[in-house]
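Take a look at the structure below.
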Number of protein chains: 2
Amino acid sequence: MSTQTRKIKIRKANEALILEAAEKIFAISGYKGAATGDIAREAGIPKANLHYYFKTKFRLYREVLEHILDDWMAAAPIFDTRHEPEDVLRSYVTAKMEFSRQRPYGSRVWAREIMSGAPVLDDFLGTTLKAWLEERVRIIRRWIHEEKIRPVDPHALMYMIWATTQHYADFEQQIMILNGGKAFSERRYRQRTNEVVRLVLNSVGL
Amino acid sequence: MSTQTRKIKIRKANEALILEAAEKIFAISGYKGAATGDIAREAGIPKANLHYYFKTKFRLYREVLEHILDDWMAAAPIFDTRHEPEDVLRSYVTAKMEFSRQRPYGSRVWAREIMSGAPVLDDFLGTTLKAWLEERVRIIRRWIHEEKIRPVDPHALMYMIWATTQHYADFEQQIMILNGGKAFSERRYRQRTNEVVRLVLNSVGL
DNA sequence: ACGTATCTTGACCATTGGGTCAAGATACCA
DNA sequence: TGGTATCTTGACCCAATGGTCAAGATACGT
């Protein structure tokens, strides 16, 4: 193994470790509320070491957000691969529910960023996300025009899907408490996912 | 006016002023991230004065949450006053949308509290809110039994309503950016409210 | 007008927290 | 094995922040 490779390996491993810890702490405490010392402790390294890999807390935060965006957008293409509205919506809602299950902290960091006024995501929202959304809106309009689904406000529909699926990540704690203090089992979560799919499909008349 | 009354008047006025400022700052920065100095500046008073009315930041935070709970629960009885599912759901969704419009900061403080693990609301969620929810669940089950709506998972439905309506408060900034950078007009928001109502009604087969 | 309770506020204190630094430890190649 | 680049870490610095205090200012009943 070359020096280069070795170095890169150590760096990548430590960066990944720190990013994961940071995502959790930022999710729980918010940007301002998160202490780099807490993040370092969560990662099991000294604070100075964290600052060796990420010069500033802000840079670290930005990279955490970028990570989340990558994974968030990964669920995006699903909207295109199938063609019947029912298949597309089912796949998309299922993928979003899966994301909420797998990456609850990521979803919360996103939510907090928006609630803080989206100082960092502002640009992304206005360009990439807006373009992506408008494309899906166009697809939905086509479905309506072809009378494949009942006439709905496409934006209202998309927001309902986002809100509902992300709710299972962002409000996980509330859901757990309302569920008698115990978390959903794998199986129960899959059933719930199907229920959400059915609600969404019915909302557009499918 | 008696001394007592006068004193109380000054105190109440200042407390209200501080609580409003605090709700905004907590909504934007989170509990840990919010500085009492910022809250004081937002309220237009010196920090020492704020601490005269609220001994600690934590006490202030708790009172802000209590305020929000009061208003949140105010929308709750609507679920009972009318009897046909369609009327009940329409009124409830409309009330929640109205709350998101009028008190966006309150909704965000709530969301942040839950995402932090609900350290303060924990008790409320497990008792009052759980009881309230289970009562509504029972009502929904009755509707299903009477075949007034199609069979849905009552919890999944309630969470969809909460998530979707609160989305308009918590993600206001994102919605604005996706709307081309301009906020919804009163009229547009009312239209959107009706769209949300229709989506919800359709989701249960109405 | 006087006395008392409340309110106001600048100055101050102790702790926390982001970020730096320099002295080692480690890894790898020649 | 020696040299160099990277990595690790305790100690340290300074600005920000929650909270205190004591000296006034204000309000109001008598």
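These numbers were taken from a predicted model, which means no experiment stands behind them. Letters A, B, ... are given to chains in the order of the sequence lines, protein chains preceding strands, and every chain is numbered from 1.
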Between A:R192 and B:Y159, do the side chains contain an N or O donor and an N or O acceptor separated by less than 3.5 Å?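 No.
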Whether the B:S116 and A:R112 side chains hold a donor-acceptor pair (N or O, under 3.5 Å, no angle test) is what I'd like checked.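 On atom types as modelled, these side chains qualify, holding a pair under 3.5 Å.
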Distance check needed: [N] [atom2] versus [X] [atom1], whole Å only.
X	N	atom1	atom2	value
B:I45	D:dA25	CD1	P	20 Å
B:F54	D:dT17	CZ	P	20 Å
A:L17	D:dC7	CG	C1'	14 Å
B:I10	D:dA27	CD1	P	7 Å
B:D38	D:dA15	CG	P	18 Å
B:I39	D:dG19	CD1	C1'	14 Å
A:E15	D:dT6	CD	P	14 Å
A:R59	C:dG19	CZ	P	10 Å

Parallel under 30°, tilted from 30 to 60°, perpendicular over 60°: which one fits the rings of [X] and [Y]?
X	Y	value
B:W110	B:W72	parallel
A:Y168	A:Y189	perpendicular
A:F58	A:Y61	tilted

Any side-chain N or O of [X] less than 4.0 Å from the OP1 or OP2 oxygen of [N]?
X	N	answer
B:Y52	C:dT8	no
A:R11	D:dC7	yes
B:N49	C:dG10	no
A:T36	C:dG18	yes

Which residue lies toward the 5' end of DNA chain C, B:Y53 or B:K32, if each is placed at its nearest nucleotide?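 Upstream on the strand: B:Y53.
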Residue A:H51, side-chain heavy atoms: nucleotide from C:dC7, D:dT20, C:dG19 that is nearest: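 Looking only at heavy atoms from C-beta outward on A:H51, the closest nucleotide is C:dG19.
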Nearest-nucleotide 5' precedence on DNA chain D, A:N14 against B:G37: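 This one resolves to A:N14.
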Identify whether any heavy atom of B:A34 sits under 4.0 Å from a base atom; if not, whether one sits that close to sugar-phosphate; answer base, sugar-phosphate or nothing.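 Here B:A34 touches the backbone only, sparing every base.
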How is A:A48 classified with respect to the nucleic acid when contacts are heavy atoms under 4.0 Å: base, sugar-phosphate, or nothing?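 Base: the residue A:A48, judged by heavy atoms under 4.0 Å, touches a nucleobase.
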Would you say the base of C:dG19 and the side-chain of A:K57 have a donor-acceptor pair closer than 3.5 Å?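 Per atom types, no contact qualifies.
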Using only heavy-atom distances, decide whether a donor-acceptor pair under 3.5 angstrom links the side-chain of A:K47 to the base of C:dG19.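 By the distance-only test, yes, there is a pair.
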